[in-house]
There are 2 protein chains.
Amino acid sequence: MKSIRITNRCPIRTTLELVGGKWKLLILFQLMEKPLRLSELKKQIPDISEKMLIQELKTLVESGLAIRRNFGEVPPRVEYSLTDTGRAVLPLIEEMRHFALFYEEKMVKKG
Amino acid sequence: MKSIRITNRCPIRTTLELVGGKWKLLILFQLMEKPLRLSELKKQIPDISEKMLIQELKTLVESGLAIRRNFGEVPPRVEYSLTDTGRAVLPLIEEMRHFALFYEEKMVKKG
DNA sequence: CAGGATCCTTTACGATACTG
DNA sequence: CAGTATCGTAAAGGATCCTG
């Protein structure tokens, strides 16, 4: 545990850069089950703006967490899926859920 | 797993609100080992501004993750420690480290 | 349908000076 | 030493219009 040092490039910061922010984890989670088109993602995450969705998808692709597949059809059809590395964030998401539940239970008890 | 729905208050969002951002996880991690004074925290996280450190500590206290203890001495002595709930983020941090290492290994192989 | 371009607001973050 | 107050910048996020 003490092997984490807070330097310019520590594991916490690396992960924050990859999946930090308001949307990336939500997007990755949606793609866990199966590949989705842009319009499908929009429905699953209703309150994201189109701009942010496209922008975040682009960075996820660039950092190697997601894959963009263009079917080259008309009308356009594009599908987003996860790489192995993208799938590797699932345990992190599960841990976040676990923490959230723990937190809420604690806080309900204490008021 | 599919019990996570992307609504206004899903576990991912709850956790992001509690420990999201650039600094909170780094601060919490520093406090895992033992309570620290403000000046000690500043040394451990050299590139955080004083303003952010105090501000983030305040929100961590308000959300029940950290505790502020004022010794009432002169010169001032204040110590920050973790609540049980604050300690509960350790698995999350460990998972982040695990992911970062996995990511870096993958990316080194692929170039 | 997917997404580029533009403009705008809001929030996060930071530097510095000051106080008991 | 532990903060507060103020000011400024940078980044994140969002609304809208436009295009192949």
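Throughout, a chain's letter reflects where its sequence line sits, starting with A, and its residues are numbered from 1.
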Could you run down the sub-3.5 Å N/O contacts of the protein with nucleotides 4-6 of chain C?
residue	atom	partner	partner atom	Å
C:dG4	OP2	A:Lys58	NZ	2.9

Legend entry - Straight-line distance of B:Leu31 CG to B:Leu90 CG, nearest 0.5 Å: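 Here the rounded value is 12.0 Å.
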
Inset, instruction - With rounding to the nearest 0.5 Å, note down the distance linking CE in A:Met96 to CZ in B:Arg13. - result: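 One gets 11.5 Å once the value is rounded to the nearest 0.5 Å.
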
Does the [X] side chain pair with the main chain of [Y], one donor and one acceptor, at a distance under 3.5 Å?
X: A:Lys24; Y: A:Gly20; result: yes
X: A:Thr85; Y: B:Tyr103; result: no
X: B:Arg87; Y: B:Met32; result: yes
X: A:Lys106; Y: A:Phe102; result: no
X: A:Thr14; Y: B:Ala100; result: no

Inset, instruction - Report the residue (B:Ser49 or A:Tyr80) whose heavy-atom-nearest nucleotide on DNA chain C is the more 5′ of the two. - result: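 Whichever sits nearer the 5' end wins; that is A:Tyr80.
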
Legend entry - First encountered from the 5' end of DNA chain C, between A:Glu79 and B:Lys24: A:Glu79

May I have the distance from [X] (atom [atom1]) to [N] (atom [atom2]), rounded to whole angstrom?
X: A:Glu56; N: D:dA11; atom1: CD; atom2: C1'; value: 12 Å
X: A:Asp47; N: D:dG13; atom1: CG; atom2: C1'; value: 12 Å
X: A:Lys22; N: D:dA11; atom1: NZ; atom2: P; value: 19 Å
X: A:Phe71; N: D:dG20; atom1: CZ; atom2: C1'; value: 19 Å
X: B:Leu41; N: D:dC1; atom1: CG; atom2: P; value: 14 Å
X: A:Gln55; N: C:dA2; atom1: CD; atom2: P; value: 18 Å
X: B:Met52; N: D:dA10; atom1: CE; atom2: C1'; value: 13 Å
X: A:Glu73; N: C:dC1; atom1: CD; atom2: P; value: 13 Å

Below the 4.0 Å mark, does [N] have OP1 or OP2 next to a side-chain nitrogen or oxygen of [X]?
X: A:Arg68; N: C:dG3; value: yes
X: B:Arg37; N: D:dC1; value: no
X: B:Arg77; N: D:dA2; value: no

Legend entry - Any B:Ile45 side-chain heavy atom under 4.5 Å of B:Ile48 side chain: yes

Legend entry - Heavy-atom side-chain proximity of A:Arg37 to A:Tyr80 below 4.5 angstrom: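 Heavy-atom side-chain distance check fails, nothing below 4.5 Å.
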
Inset, instruction - Can you pull out how bent the helix from C:dC1-D:dG20 to C:dG20-D:dC1 is, comparing the axes over its first five and last five pairs, to 10°? - result: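 Taking five pairs per end, the axes differ by 40°.
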
Legend entry - A:Trp23, nearest nucleotide to its side chain (from C:dC13, D:dA2, D:dG13): D:dG13

